Amino acid sequence: MLSESNPASVDDRKAFFERQVKAAAMKETDRLLATVNKWWPEIQTLLATRVTTAKVEAANTMIKTSRGLPAGSPNPINYQSRILLRSAAPTVA
């Protein structure tokens, strides 16, 4: 589905996917289908625009993991500086 750009082809592939899931008759595939159906509007937006929030999610993960660094400081200025330095390092190197 993700490789298609034509909406009709995406619908055909989704229908094929649904048939395969029903034929499998497994709890795991049923849950996968439920997840795909729940997120279908977002998936359609991705397929139409090819825009994701991957960079934002990566930045949020980096910020969350920097909280757990040893020798952390309760000082908000130092915390902000540490986040900025960690996010700038990959772009400079």
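Sequence positions, counted from 1, serve as the residue numbers for this chain. Being a predicted model, the structure only gives us computed values, none of them experimental.
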Inset, instruction - Report yes if some heavy atom in the side chain of W39 is under 4.5 Å from a heavy atom in the side chain of L46; otherwise report no. - result: no
Inset, instruction - Check for a donor-acceptor pair, side chain of T45 on one end and backbone N or O of P41 on the other, with a separation under 3.5 Å. - result: yes
Inset, instruction - Output yes when K22 and E18 qualify as a salt bridge under the 4.0 Å nitrogen-oxygen rule, no when they do not. - result: no
Distance from [X] atom [atom1] to [Y] atom [atom2], nearest 0.5 Å?
X   : Y   : atom1 : atom2 : value
K14 : L47 : NZ    : CG    : 11.0 Å
L32 : M26 : CG    : CE    : 10.5 Å
R31 : T35 : CZ    : OG1   : 8.5 Å

Legend entry - Shared hydrophobic cluster, V10 / F16 (ILVMFWY, side-chain heavy atoms < 4.5 Å): no
Inset, instruction - Return yes when atom CH2 of W40 has more than 12 non-hydrogen atoms of other residues, nucleotides or ligands closer than 6.0 Å, and no otherwise. - result: yes
